[in-house]
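First comes the structure, then the notes that go with it.
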There are 2 protein chains.
Amino acid sequence: MSSTEVSGSRVTEKAAAPLLAPPRNGGSAVGDLILRFLLFASCVVAVLVMVTGNQSQLIPITFPPFLVSRDAKFNHSPAFIYFVAAFSVVGIYAAITAILSFFALLKPGFYIKAVSHFVIFDVLLLGIVASATGAAGAVGYVGLKGNSNVQWRKICDLYDGFCKHIGASLAVSLFGSVVLTLLIIISVRALSKRIPK
Amino acid sequence: MSSTEVSGSRVTEKAAAPLLAPPRNGGSAVGDLILRFLLFASCVVAVLVMVTGNQSQLIPITFPPFLVSRDAKFNHSPAFIYFVAAFSVVGIYAAITAILSFFALLKPGFYIKAVSHFVIFDVLLLGIVASATGAAGAVGYVGLKGNSNVQWRKICDLYDGFCKHIGASLAVSLFGSVVLTLLIIISVRALSKRIPK
């Protein structure tokens with residue numbers, strides 16, 4: 001009778017453990033979910049701010065002497081098109097992995113298995129995100145400052161609204177890149193911790 | 001007597017094991033060393049090719065009508081300066097970690113411990129390398145094709161030698177970025193394999 005009681009209480013303890021005690025790597029899994037959500041949000045914001053930056057401006061031309069309307073659009077520069085494409089892809093990826101990460105949170109053993117696969121794609125996408133930010137940043141910088149050596153004139157004095165959109169989008173994308181880097185570092189730390197000494 | 005003999009032969013077996021049997025994760029450690037060496041080599045080549053691309057050209061100007069000598073140098077563009085700085089840093093890092101990786105190969109237990117630290121810096125530097133490649137690539141593309149929307153004229157028809165240097169340097173840097181990505185993926189795989197099922 002007493003033996004049955006003890007064994008019964010042990011079974012209850014075992015079943016209750018995952019609910020009461022924090023699951024192993026629970027902190028990392030929660031951090032993973034939050035960072036993936038932040039990454040998704042920053043990708044959406046970066047793409048929307050970049051795409052909505054269109055601006056028309058009346059430009060005086062010398063011959064024949066009248067004003068023409070010229071647009072500034074993100075798709076006038078291949079670097080900005082690459083930026084929008086890259087952040088759209090990463091945004092979709094972040095949404096999918098955030099959902100998977102949420103399920104991993106519910107199923108404690110699943111997180112570490114999921115991470116070891118996610119982290120490889122995370123690294124590939126970090127490369128894409130960083131290069132897109134670099135490309136858009138470089139073209140944006142030429143637009144802001146110009147380059148007197150090759151006579152590329154600055155355009156931000158004319159298209160101030162467009163340039164503000166580009167700058168804001170770049171700031172958000174830089175934040176997204178940092179989030180993705182943190183995500184990879186957290187994943188690698190979670191993997192290293194699980195290795196027996 | 002017989003017991004001493006047996007224990008003696010066991011000791012010999014134990015000492016010989018690391019020399020005869022392939023060490024655990026030996027394949028990854030060798031791959032790590034080779035990739036780090038390739039990364040170092042590609043960084044050095046990318047920086048040297050970029051820096052040695054100077055070209056002087058006689059440009060006709062309309063008023064007063066004569067020829068002026070104009071240089072094309074990598075340090076006329078902030079994107080190319082960033083590129084050279086980033087690849088110099090990564091080259092030094094690759095040289096240091098290649099040496100450490102070589103010592104890790106000699107000491108079998110050390111590799112996995114080293115990897116769990118290296119991989120975090122590798123990820124940070126991948127972000128820098130990819131953004132530098134993107135920035136230099138974007139400015140190089142504007143130089144190659146120009147941008148008619150904002151009247152940035154192409155310069156590669158004039159400075160063909162300079163542009164060839166930029167293009168070659170970018171190709172090598174892209175190769176370096178792929179090598180660094182592979183390095184991270186191999187490290188993550190080595191970490192994942194060590195986790196008990």
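Letters go in sequence order (proteins before strands), and every chain restarts at 1. FYI, side chains are in, hydrogens and waters are out, and symmetry mates aren't considered; it's all heavy atoms of this structure. Being a predicted model, the structure only gives us computed values, none of them experimental.
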Can you find a pair of side-chain heavy atoms, one from B/Arg36 and one from B/Phe118, that are under 4.5 Å apart? yes
Give the member of B/Leu126, B/Ile185, B/Val142, B/Thr181 that has the highest number of heavy-atom pairs under 4.5 Å with chain A. B/Val142
Look at B/Ile155, B/Asp122, B/Val123, B/Val129 and state which one has the largest set of heavy-atom pairs under 4.5 Å with chain A. B/Val123
If you tally heavy-atom pairs under 4.5 Å between each of B/Ile120, B/Val150, B/Asn149 and chain A, the highest tally belongs to B/Asn149
Measure up the B/Phe162 and B/Tyr159 rings against each other and bin them: parallel (under 30°), tilted (30 to 60°), perpendicular (over 60°). perpendicular
A/Ser77 versus chain B, the contacting section by heavy-atom distance below 4.5 Å: both
Let's test your reading of the structure: which of A/Gly137, A/Ser177, A/Ser131, A/Ala138 forms the most heavy-atom pairs below 4.5 Å with chain B? A/Ser131
Side chain, backbone, both or neither of B/Val119 within contact of chain A (heavy atoms, under 4.5 Å): side chain
Which one wins on heavy-atom pair count under 4.5 Å against chain B: A/Ser148, A/Ala135, A/Gly127? A/Ala135
Measuring only between side-chain heavy atoms, which start at C-beta, is B/Leu158 closer than 4.5 Å to B/Arg153? yes
Tell me, side chain or backbone of B/Ile184 under 4.5 Å from chain A's heavy atoms, or both, or neither? side chain
When rounded to the nearest 0.5 angstrom, what is the spacing between CG in A/Asn75 and CE in A/Met50? 11.0 Å
Using modelled atom types and a 3.5 Å cut-off, is there a donor and acceptor pairing between side-chain atoms of B/Asn147 and backbone atoms of A/His76? yes
Membership question, hydrophobic clusters at under 4.5 Å side-chain separation (ILVMFWY): are B/Val49 and B/Phe87 in the same one? no
